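To keep things clear, I will list the structure first and then write my remarks on it.
Small disclaimer: the values here were computed from a predicted structure and weren't measured. For reference, positions follow the sequence shown, starting with 1. Below, all heavy atoms of this structure are taken into account, side chains as well, without hydrogens, waters or symmetry copies.
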Amino acid sequence: MEKTLIRIHPVSDPEAVYFLQVSWEKNISSGFGIILTDGERAWTGTVSEADISREAADMEMNREKYVEELKKALILGEESAGKYNFTVSVDEENTQCHFSYERNLKDGSFRLGSLKLQKVSHPADVVKELIGYCLDCLGGLQVKNEHLQKENERLFCDLSDVEKRLEKCVEAKEELEADLYNRFVLVLNEKKTKIRSLQKLLNEAKESAVDTQCTRDGIATTQMATEKEDDYDGSTEEESENLIQSSLPSAPERRDSLLGSPDVISTAPRRKRRQRTINPTGTEAKIATYETEKLAKEKDKDVMLDCAKGPVEGQT
């Protein structure tokens, strides 16, 4: 059985103090018992489930809501002080006590219930019972308080351990951040060094490409100039050959001129000097080939001249 004990002050005598005990089996909605005492006198009564339903119907209130109002009025007590009023009236013979309870509103109040309590013949026993109940509650509260204190101490110990672990974690985190920062700085410096070296190689490659392009352009220009000079040399050679052929007399005239002239001067050295003067210095290989061919031609011409000269000398 569950019990509660509250202290109330009747509206008719606010200075008086009464103690109200309410007890029920499973739920207050199934009925409850009341004991009221002022320390000298005591009264008791019961409220059945039918009484609760009748009161709820009379006030046109939902039964569950009505039960909630009863709990607030008769069980919570001082927690709902000022919200509920209690009335205690004893008859002249002190045999019955009329007890009622009401809910305060802004513009009035409405009665939650009332009942007639019967006088207890031995009020001291009721007082002892109430004192025992209070002591039992006090003992239970002390045990609960001790349990809560131990739990609180355990939580403080856990909190201290957690704080120490947290401090260690913070230190480890700071050390890890410092280590990672140092490694990052090393990696960053290496990357910067590598980037500088790659930029240097890139610049050198660009300069080399520019030099190679300039060299290629110079070689192409030289080749074009050489080709132009070769064309010029070829035309000069052809022109010189044509001039020589046109200036040479016919075979009989050549014989007479050769016989009539006291000295015959070879033109090969003169041609050789002329070719050396005309050809550029950058085409030495071609000049050598050209001179070889010229010498061969000159030799052939000298042989022809010797052949032409031979019969003339034989005739004289």
Side-chain angles (χ1 to χ4, degrees), residues 1-138 140-141:
M1 179 179 288
E2 297 184 17
K3 297 180 180 180
T4 60
L5 182 63
I6 62 173
R7 182 171 50 190
I8 63 174
H9 301 276
V11 177
S12 58
D13 189 5
E15 299 296 329
V17 177
Y18 287 83
F19 297 95
L20 177 65
Q21 184 186 58
V22 180
S23 59
W24 64 92
E25 290 292 338
K26 295 181 179 179
N27 195 336
I28 195 173
S29 61
S30 60
F32 55 91
I34 290 177
I35 295 177
L36 182 65
T37 181
D38 59 356
E40 295 178 358
R41 299 169 296 176
W43 300 270
T44 183
T46 58
V47 178
S48 64
E49 185 175 359
D51 294 336
I52 294 174
S53 299
R54 186 178 62 254
E55 292 288 346
D58 291 341
M59 290 185 293
E60 297 180 355
M61 184 182 296
N62 183 276
R63 190 173 187 277
E64 294 180 355
K65 187 175 181 181
Y66 176 73
V67 171
E68 292 295 326
E69 290 290 339
L70 288 178
K71 289 180 181 179
K72 293 178 181 179
L74 302 176
I75 296 175
L76 297 179
E78 293 182 357
E79 295 181 6
S80 59
K83 296 181 180 179
Y84 299 91
N85 294 331
F86 299 95
T87 304
V88 178
S89 61
V90 182
D91 58 3
E92 295 177 357
E93 296 178 357
N94 197 19
T95 57
Q96 289 184 351
C97 176
H98 184 78
F99 177 70
S100 63
Y101 36 93
E102 300 176 350
R103 169 68 187 272
N104 286 331
L105 298 175
K106 293 181 179 180
D107 53 352
S109 61
F110 67 92
R111 185 175 59 85
L112 292 174
S114 64
L115 69 158
K116 291 181 180 181
L117 302 177
Q118 300 297 323
K119 179 182 178 181
V120 177
S121 58
H122 298 89
D125 295 337
V126 175
V127 172
K128 288 179 181 179
E129 182 183 353
L130 295 179
I131 293 172
Y133 171 77
C134 292
L135 292 174
D136 293 339
C137 291
L138 181 61
L141 292 175

Would you give me the side-chain donor-acceptor pairs under 3.5 Å for residues 13-23, sequence neighbours excluded?
none

Sequence neighbours left out, what passes side-chain hydrogen bond (donor to acceptor under 3.5 Å, both in side chains) with Q118? Give chain and number order. none

Could you tell me the separation between the CG atom of L36 and the CZ atom of F86, rounded to the nearest 0.5 Å? 10.0 Å

To the nearest 0.5 Å, what is the distance between CZ on R103 and CE on M61? 8.5 Å

Would you please name every residue forming a side-chain hydrogen bond (donor to acceptor under 3.5 Å, both in side chains) with S30, sequence neighbours left out? none

Output every pair passing side chain to side chain donor-acceptor pair (under 3.5 Å) with a member in residues 41-52, not counting sequence neighbours, ordered by first then second residue. D38-R41, S48-D51, D51-R54

Of all residues at least two apart in sequence or in a different chain, which pass the side-chain hydrogen bond (donor to acceptor under 3.5 Å, both in side chains) check with E102? S109

For the atom pair CG (L74) and CD1 (I8), what is the distance rounded to the nearest 0.5 Å? 9.0 Å

Measure the CZ-CG distance between R7 and L5 for me, rounded to the nearest 0.5 Å. 9.5 Å

Sidechain-backbone polar pair: Y101 side chain, L70 backbone, donor-acceptor under 3.5 Å: no

Note, P123 side chain near E40 side chain (heavy atom, < 4.5 Å): no

Heavy-atom pair with the smallest gap, counting every atom of I52 and R63: CG2-NH2, 4.2 Å

Determine whether T87 and N85 satisfy the following criterion, side-chain contact (heavy atoms from CB on, under 4.5 Å), listing intermediate values before the conclusion. CA-CA 7 Å; T87 304; N85 294 331; 5.7 Å; no

Return the NZ to CZ distance between K71 and F32, rounded to the nearest 0.5 Å. 11.5 Å

Kindly determine whether R111 and E55 satisfy side-chain contact (heavy atoms from CB on, under 4.5 Å), including the steps that lead there. CA-CA 9 Å; R111 185 175 59 85; E55 292 288 346; 4.0 Å; yes

Could you pull out the closest heavy-atom pair between Y84 and A73, with the gap in Å? CD2-CB, 3.6 Å

Identify all side-chain donor-acceptor contacts of residues 126-134 below 3.5 Å with residues at least two apart in sequence or on another chain.
unit_1	atom_1	unit_2	atom_2	d
E129	OE2	K3	NZ	3.3
Y133	OH	K3	O	2.6

What's the verdict on side-chain contact (heavy atoms from CB on, under 4.5 Å) for W24 and T4, showing C-alpha distance, side-chain angles and the deciding distance? CA-CA 9 Å; W24 64 92; T4 60; 3.7 Å; yes

Closest contact, heavy atoms only, P10 versus V88: CG-CG2, 4.1 Å

